[in-house]
Structure formats: C-alpha cells, structure tokens
Amino acid sequence: MSDSEDDSQDKQLKIVVVGDGACGKTSLATRFAQEAFGKQYKQTIGLDFFLKRISLPGNLNVTLQVWDIGGQTLGGKMLDKYVYGAHGVLLVYDITNYQSFENLEDWFSMVKKANEESDIQPVVFLVGNKIDLEHMRTIKADKHQRLCQENGLISQFVSAKTGDSVYLCFQRVAAEILGIKLNKAEIEQSQRIVKAELVDYPHDEGPIREDNAQQSKICLLQ
Ligand SMILES: Nc1nc2c(ncn2[C@@H]2O[C@H](COP(=O)(O)OP(=O)(O)OP(=O)(O)O)[C@@H](O)[C@H]2O)c(=O)[nH]1
C-alpha cells in the first residue's frame with residue numbers, strides 16, 4: 001500500500017493554534033510539521049494550514065491538521081468558523097510577554113463560544129512558548145499552573161526555537177483526544193534535549209574586540 005493510501009485511512013484530528021500575534025504560533029507549527037525555525041517574523045494573515053502524521057502507542061497513526069490562526073484575527077468575523085469543530089486547541093502565549101498571557105482570557109472565551117453548538121468539545125492546552133528565553137520570563141510558572149487548574153486546561157511549556165517539547169506537545173494533544181495514555185518512556189523519547197552552544201575562545205587570543213571586528217568588516221567592503 002502506498003503512503004498516500006495509508007494516509008487516507010488515518011484518523012484526522014483538527015488542532016487549532018491560537019494566541020496573540022508574535023507569540024510563536026507559526027514557529028510552533030513549522031517546527032512540528034517541517035522541523036524548521038525562522039528568526040524573521042512574518043505575520044500570518046488569516047490562517048495557515050499544516051498536515052503531519054504521527055504515531056501513537058499501539059501502532060496507531062493519526063494525521064494532525066494544524067490550523068495556525070493569525071493573531072490579528074481576534075474579534076474578526078472568520079475566527080469562529082476556523083475554531084469550530086476543533087478536536088484540540090493550543091492556547092499559546094509568549095512567556096516573555098505579559099500581555100500575550102493576559103489576552104488568553106479573550107482567546108479562551110472565543111474558543112468556548114465558537115464550540116457552543118458543536119457536538120465535540122475540544123481538549124484545550126495552555127502552551128507557554130519561548131522557554132529558551134527563560135531569563136526573560138515575565139509570567140511565573142505558578143500563574144500559568146493556576147490558570148490551568150481554574151479552567152481545566154492541560155499545561156505544556158515549549159520552545160519553537162530549540163524544538164524543546166514541541167513534538168511532545170502535539171503528541172500529548174492527540175493522545176488526550178483519543179484517550180490514550182503516554183507512559184514515561186514515550187514522553188521522554190518525544191522530549192528533545194536542548195544543548196547550549198558553548199563558544200570556546202583560544203585562551204591566548206581572547207574574544208575579538210568590537211573595534212577590531214568593525215575594521216575587518218570595513219576591509220571586506222573595500
Ligand atoms: N527565542 C524564541 N523566539 C521565537 C520562538 N518562537 C517564535 N519566536 C520568534 O517570535 C517571532 C514571532 O513568531 P511567529 O511564529 O511568527 O508568531 P505568530 O504567533 O505566528 O504571529 P502572528 O502571525 O502575528 O499571529 C519570530 O521572530 C520568531 O522567530 C521561540 O520559541 N523562542
């Protein structure tokens with residue numbers, strides 16, 4: 001059987017990714033679906049769409065349709081339609097941006113309202129992104145946990161930049177929707193270990209001084 005025939009038999013799950021502009025939704029989806037990351041910010045107009053097939057315990061394959069919703073759509077006419085019928089929702093914020101956390105209330109209200117008349121109620125994850133910038137964190141982890149407890153949300157921290165826990169996040173959403181329990185070994189396997197890059201200057205040279213670096217750039221231009 002070819003891959004595409006195989007795909008067509010997979011269960012498809014609709015996962016909607018919402019949150020403020022620039023909190024990293026596209027980066028998260030791109031990291032998951034294409035294993036790539038771009039530093040340049042390019043605003044999503046409307047929505048983007050990604051498909052990725054994953055495996056769950058018990059040799060179960062599922063295809064995730066990831067709906068990456070532009071942050072500027074909040075309050076717009078189309079948003080309800082994008083979110084309607086989602087099996088899973090990722091409420092994403094940037095841990096270094098307080099406003100993106102505050103605005104989750106509006107995003108969550110919209111998610112609940114959009115699905116009021118749907119037969120399926122989505123599993124909702126609270127996703128704190130950019131944990132590679134831990135030193136710039138403005139929302140304490142206990143505030144994040146409190147929001148989860150008060151609203152029945154499932155907690156996840158990720159970094160779209162390093163890839164830390166991104167695959168795990170989507171795998172947990174799918175498992176939760178399908179009522180599958182991931183064991184510790186499966187969770188650990190999906191968690192990418194982040195290694196810091198160490199710059200090792202030769203001891204006798206020391207770091208390059210800014211004025212020297214400037215000169216060498218000028219030389220190159222001439
Ligand atoms: N350091 C760091 N930067 C990130 C991370 N995720 C995203 N970024 C950066 O944050 C900026 C915004 O990322 P996007 O993924 O475009 O944000 P978005 O939420 O899709 O934005 P909208 O399209 O406006 O809704 C980009 O410059 C990304 O490179 C992360 O985990 N760590």
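Both counts, for ligands and for their atoms, begin at 1 and track the order of listing.
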* Structure fact -> Of all protein heavy atoms, the one nearest atom 8 (N) of ligand 1 is Lys130 CE, 3.7 Å
* Asked: Taking the side chain from Asn129 and the backbone from Ala160, do they hold a donor-acceptor pair closer than 3.5 Å?
  -> yes
* To do: Go through ligand 1 atom by atom and flag the ones less than 4.0 Å from a non-hydrogen atom of Lys161.
  => 1 (N), 2 (C), 30 (C), 31 (O), 32 (N)
* Can you check whether Gly24 has an N/O within less than 3.5 Å of an N/O in ligand 1? -> yes
* Asked: Have Asp10 and Thr63 got a donor and an acceptor in their side chains that come within less than 3.5 Å?
  -> yes
* Which of the atoms in ligand 1, numbered in the order shown and given with their element, are less than 4.0 Å from a heavy-atom of Gln43? -> 23 (O), 24 (O)
* Asked: What pairs with Asp48 under side chain to side chain donor-acceptor pair (under 3.5 Å), at least two apart in sequence or on another chain?
  -> none
* Side-chain donor-acceptor contact under 3.5 Å, Thr44 with Thr26 -> yes
* To do: Identify, by atom number and element, the atoms of ligand 1 in contact range of Asp132, meaning under 4.0 Å from any of its heavy atoms.
  => 1 (N), 2 (C), 30 (C), 31 (O), 32 (N)
* To do: State whether a side-chain donor-acceptor pair under 3.5 Å links Trp67 with Gln65.
  => yes
* Atoms of ligand 1 close to Gly70 [distance to a heavy atom under 4.0 angstrom, numbered from 1] -> 25 (O)
* **Contacting atoms of ligand 1, where contact means under 4.0 angstrom from a heavy atom of Asn129** => 5 (C), 6 (N), 31 (O)
* Give a yes or no on this: more than 12 heavy atoms of other residues, nucleotides or ligands lie within 6.0 Å of atom CD of Glu102. => yes
* Just which atoms of ligand 1 are under 4.0 Å from any heavy atom in Leu133? -> 1 (N)
* **Residue Gly71 vicinity, atoms of ligand 1 by number, heavy atom under 4.0 Å** => 22 (P), 25 (O)
* Does Thr30 have a heavy atom less than 4.0 Å from any atom of ligand 1? -> no
* Sequence-distant partners of Asn97, side chain to side chain donor-acceptor pair (under 3.5 Å), two or more places apart -> none
* Asked: Is there a donor in the side chain of Ser55 and an acceptor in the side chain of Asn61, or the other way round, less than 3.5 Å apart?
  -> yes
* Structure fact -> Contact region, Lys25 to ligand 1, non-hydrogen atoms below 4.0 Å, reads both
* Close-contact set for ligand 1 against Ser27 heavy atoms, below 4.0 Å -> 6 (N), 7 (C), 13 (O), 14 (P), 15 (O), 28 (C)
